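Working notes, beginning with the structure itself.
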Amino acid sequence: FAFVVLLYLFGPVLVNQVLRIHSDSVTAIRCVSDVSAALDSPELAALTKIFLTLCVDYNIRVEACHIPGDRNILADPLSRNQFGMFATRALAWCNDRGFHSGWLEQLALM
């Protein structure tokens, strides 16, 4: 579901791109890497149809890579509504790579 929302919201910005997603969800990785894995569930099959349609509409290729949960330092607190922890970790991650974002700094202070 998150991948469908991502492409729905940001598809126009990602036109003609390769999108590499790192996730600790084995199910999500299987569904993106092997579309037939989603056909066992009617719900996943419907989402996969939307996902593939968006990929074709925007000419986006998605590569999904599994990362272990203990290395999932950004998405894990975000998925648990721990926004302050997410912002602090994301800010450190971005600063280490030379990216600066004012909204992350404000969120980290909350």
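In this text, all values refer to a predicted model and were calculated from it rather than measured experimentally.
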Under a single-linkage definition using a 4.5 Å side-chain heavy-atom cutoff for Ile, Leu, Val, Met, Phe, Trp and Tyr, are [X] and [Y] assigned to the same hydrophobic cluster?
X	Y	value
Val18	Leu14	no
Val4	Leu44	no
Val5	Val15	yes

(message) Under the rule for side chain to side chain donor-acceptor pair (under 3.5 Å), what residues qualify as partners of Glu63, not counting sequence neighbours?
(response)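 Glu63: side chain to side chain donor-acceptor pair (under 3.5 Å) contacts with Arg61.
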
(message) Just so I know, are the side chains of Asn81 and Phe83 near enough to count as touching, which here means a heavy-atom distance under 4.5 Å?
(response)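 They are in contact (side-chain heavy atoms under 4.5 Å apart), so the answer is yes.
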
(message) I want to check something: taking the side chain as every heavy atom from C-beta on, are Ile50 and Tyr8 in contact at a cut-off of under 4.5 Å?
(response)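 A side-chain contact is absent here, since even the closest heavy-atom pair is not under 4.5 Å.
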
(message) Would you compute the distance between atom CG of Leu19 and atom CZ of Phe10 and round it to the nearest 0.5 angstrom?
(response)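 The CZ atom of Phe10 is 11.0 Å from CG of Leu19, to the nearest 0.5 Å.
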
(message) Please determine whether side chain to side chain contact (heavy atoms under 4.5 Å, CB included) holds for the pair Phe3 and Leu47, giving the CA-CA distance in whole Å, both sets of side-chain angles, and the decisive distance to 0.1 Å.
(response) CA-CA 9 Å; Phe3 293 166; Leu47 287 171; over 6 Å; no

Side-chain polar contacts of residues 52-60 - donor-acceptor pairs under 3.5 angstrom, sequence neighbours left out - could you list them?
from, atom 1, to, atom 2, distance (Å)
Thr53, OG1, Lys49, O, 2.8
Asn59, ND2, Asn16, OD1, 2.7

